[in-house]
A.B. asks: 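Handing you a structure now.
Within every chain, numbering begins at 1; the chains are lettered A, B, ... in the order of the sequence lines, protein sequences first and strands thereafter. Bear in mind that the values here come from a model prediction, so they are computed numbers and not experimental data.
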Amino acid sequence: MSAGVDLDAVSADFGKFRAVDRVNVSIQPGEFFSFLGPSGCGKTTILRMVSGFITPSEGAVRIGGQDMRTIRPNQRPTALIFQNLALFPLMPVWENIAFGLEVRGIDKQVRRRKAEELLRLVDLPDSADKAIAQLSGGQKQRVAIARALAVEPKVMLLDEPLSALDLKLRQHMRAELRTIQKRTNVTFIYITHDQGEALAMSDRVGVMSQGRLQQVGVPQEIYNHPANGFVASFVGENNIFAGKPGAADKGLARFETDRGSFTARLGPGVSSQTPCKLYVRPEHARLTAEAASGNAIAVEIADVAFEGNFATIQARDSDGRMLMVETRNDGAASLPATGRKMNFVFDAERALILADDVPAHGRAA
Amino acid sequence: MNELLRRYGMPLTALFSVLTAFWLLILVILPYIYLFEESFRPYLPVTEVGGPNDTYSLNNYLAAFKQPSDWKLWLPLAWQPLIMPVQAPIHVQVFVHTILFSSLTTVLAFVLTYPIAYYLAKIANPKNVPVLFLLLLVPMWVSEILRAFAWFIILALKGPVNYGLIGLGVIADPIRWMTGYNSVILGLIYVYLLFMLLPVYNAVQSLDTNQIEAAEDLGSPWWRTHWRVILPHAKPGIASGSVTVFMLAAGSILVPTLLASTNSRWFTEVIYQWMFESQDWNTGSAYAFMLMILCTVFVSVVMRLFKVKLSDIAK
Ligand SMILES: Nc1ncnc2c1ncn2[C@@H]1O[C@H](COP(=O)(O)OP(=O)(O)OP(=O)(O)O)[C@@H](O)[C@H]1O
Ligand SMILES: [Mg+2]
């Protein structure tokens, strides 16, 4: 059982400050949807509007098509996993998990059985009678998930639940969350400021900045076709060139910078009047020894970091500015030596001219 | 101690230690030892003190168990006393009433303060909390006597309460509010309310608000959230407030004297009578120690019952 969530031009104001500004998105039943954005961009506020702890100042939240305006948090078919988990430290593990069932007046034996069942699901058998303080970070995490699943929510809301864990455990829990989501087929709305996490786990990602939704799309779309400069630079690395776009032809345009003139693909909504920049991903650039025509910048290799399956090369142009190139290790090609003079080249098709336009946090209307 | 030495050096540390020791020994421990010793000796004319009759015995303590009489219990808001089916020595009756109504005072003080504490800790805008606290504290600047006496006026037969109720047509004739222990309990609650409010507020305040929201998110109605999440968390604060209010109430002399009715007697008044009306400090001391010891035992038993540890309260 799962339900879709519609955010219909939802805004949230704190006094004069607009924390969430007219966010529009339809999340499908059973979807794993992530909100990705930097700290303070309004992610938690969105989640709190869906769970009912904040009333939108404008717009509507619908769950399974039903308007939630008058529905209290304890009546909504959602379960929220808090940023700090908020487990009840004075109850043993099983009572934590069964709390939602206790509320519904379910028998103690049934509750206990259900809690043990859920503990097996999250791979924590034999912990039913432990105290919360006895658990490790990852185990607490699982108890929080089990507690939320116990009420059989139609929508699970997760507020950066993995941020407190170490890298190894985080990767493990990502996979686990994904498995649980697939197994239960509950709609997951996941919040994170970690782009890798969002791309790896989600069916779709919504990228936010300063209260506004910048782009919604499947992970590849977000990465390969960012809607604007903010999305491009928040998701993944870039070499960024300031300049002005010139005449366009079939989506390709000249882009004049102080390092020369390049050809690149015009991003959505960019015209010659739009403030914009040129974005080239490190893995879309190459270093060549031969003189090159087209999109090329003369550089000197400054630093080579070999990471095993790939290498990151820092190159310095004639003005001393750094450019970054990432090459896959195919096991044959050798890496350039530091100090070597080379050319930084990129294809027009893989370079994007994107609008800067990141609407600032607005004032409440 | 080492920290003190490092910070202030030997002479100052020695001075601090001596002053603290002096305070404890001369001003606290010695008077108690003196009274404790007195409580086992008979009350004698000055000429016989130290004479052959001046021997140690438990007679002063046993004095409380003399004069059995009918037991009339004035319950709050009752216009007639409850006649208990047993006879008991009069001072035992007074003692039981003191414990009973001190407990009632404690419970009522908690019931009154918990919503206020919760409001201040979790609902009120944190910006306004200092002002609200100030408003609550201002009455504390007035002496306990005046505050208790204010109630004497308010509750008087021709006081504003009766005047107002008659004016509103709720009652036809003035009601005698100060019967039984009504006014004593009311006064004690009023005077000691803050001693409950502060620890309960601190305890509720220290609860992570996410816990309250988590409970609500899981479908919990407000009362269950209080019962299962907030109250258990606040238990040490509630215990500490309760012990304070109970001990202050049971040991109070001003309020029970000022707001007394013809039927209310407080154990401290009995002690006062022994000491200052009969001039019998020996029996007075014995009664005082009895009150102290039995209250401590009572509090310990209640704490055991509610599974509160002393270390929880000290936090
Ligand atoms: N109760 C509040 N009163 C006033 N401003 C608030 C309140 N809650 C949040 N804000 C503001 O709204 C903005 C969005 O906050 P929100 O908690 O949604 O950010 P977030 O994206 O979850 O950030 P983080 O990743 O740090 O958790 C922030 O600028 C924050 O200061
Ligand atoms: Mg947040």
A.B. asks: Contact part of A:L87 toward chain B, heavy-atom cut-off under 4.5 Å: side chain, backbone, both or neither?
C.D. replies: backbone
A.B. asks: Does atom NZ of B:K122 have more than 12 heavy-atom neighbours from other groups under 6.0 Å away?
C.D. replies: yes
A.B. asks: Where is the tightest heavy-atom contact between B:A214 and A:R147, given as atom of each residue plus distance?
C.D. replies: CB-NH2, 3.6 Å
A.B. asks: Got more than 12 heavy atoms from elsewhere within 6.0 Å of CG, A:D126?
C.D. replies: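 Check fails, neighbour count at 12 or below.
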A.B. asks: Kindly compute the distance separating CG (B:L218) from CD1 (A:I97), expressed to the nearest 0.5 Å.
C.D. replies: 11.5 Å
A.B. asks: Between B:E213 and A:F53 (side chain of the first, backbone of the second, donor and acceptor by atom type, cut-off under 3.5 Å), is there such a pair?
C.D. replies: no
A.B. asks: Where on A:F99 is there a heavy atom nearer than 4.5 Å to chain B: the side chain, the backbone, both, or neither?
C.D. replies: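 Only the side chain of A:F99 comes within 4.5 Å of chain B.
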A.B. asks: Side chain, backbone, both or neither: which part of A:E102 has an atom under 4.5 Å from a heavy atom of chain B?
C.D. replies: both
A.B. asks: Got a list of side-chain donor-acceptor pairs under 3.5 Å for residues 194-206 of chain B, not counting sequence neighbours?
C.D. replies:
residue : atom : partner : partner atom : Å
B:S206  : OG   : B:A203  : O            : 2.8
B:S206  : OG   : B:H233  : NE2          : 2.9

A.B. asks: Looking at B:D217 and A:L80, what are the two nearest heavy atoms and their distance?
C.D. replies: OD2-N, 2.5 Å
A.B. asks: Just checking, any donor-acceptor pair under 3.5 angstrom between side chains of B:D208 and A:N84?
C.D. replies: yes
A.B. asks: Work out which heavy atom in A:V103 is nearest to a heavy atom in B:P221; give both atom names and the distance.
C.D. replies: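 It is CG1-CD, 4.0 Å.
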A.B. asks: Can you measure from NZ (B:K235) to CG (A:L90) and round to the nearest 0.5 angstrom?
C.D. replies: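 So the NZ of B:K235 and the CG of A:L90 are separated by 8.5 Å.
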A.B. asks: Are there over 12 heavy-atom neighbours, none belonging to B:F16, within less than 6.0 Å of that residue's CZ?
C.D. replies: yes
A.B. asks: I'd like to know whether CZ of A:R183 has more than 12 heavy-atom contacts from other residues, nucleotides or ligands below 6.0 angstrom.
C.D. replies: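 For A:R183, atom CZ is crowded (more than 12 foreign heavy atoms under 6.0 Å).
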A.B. asks: Tell me if the CZ atom of A:R69 is crowded by more than 12 foreign heavy atoms within 6.0 Å.
C.D. replies: no
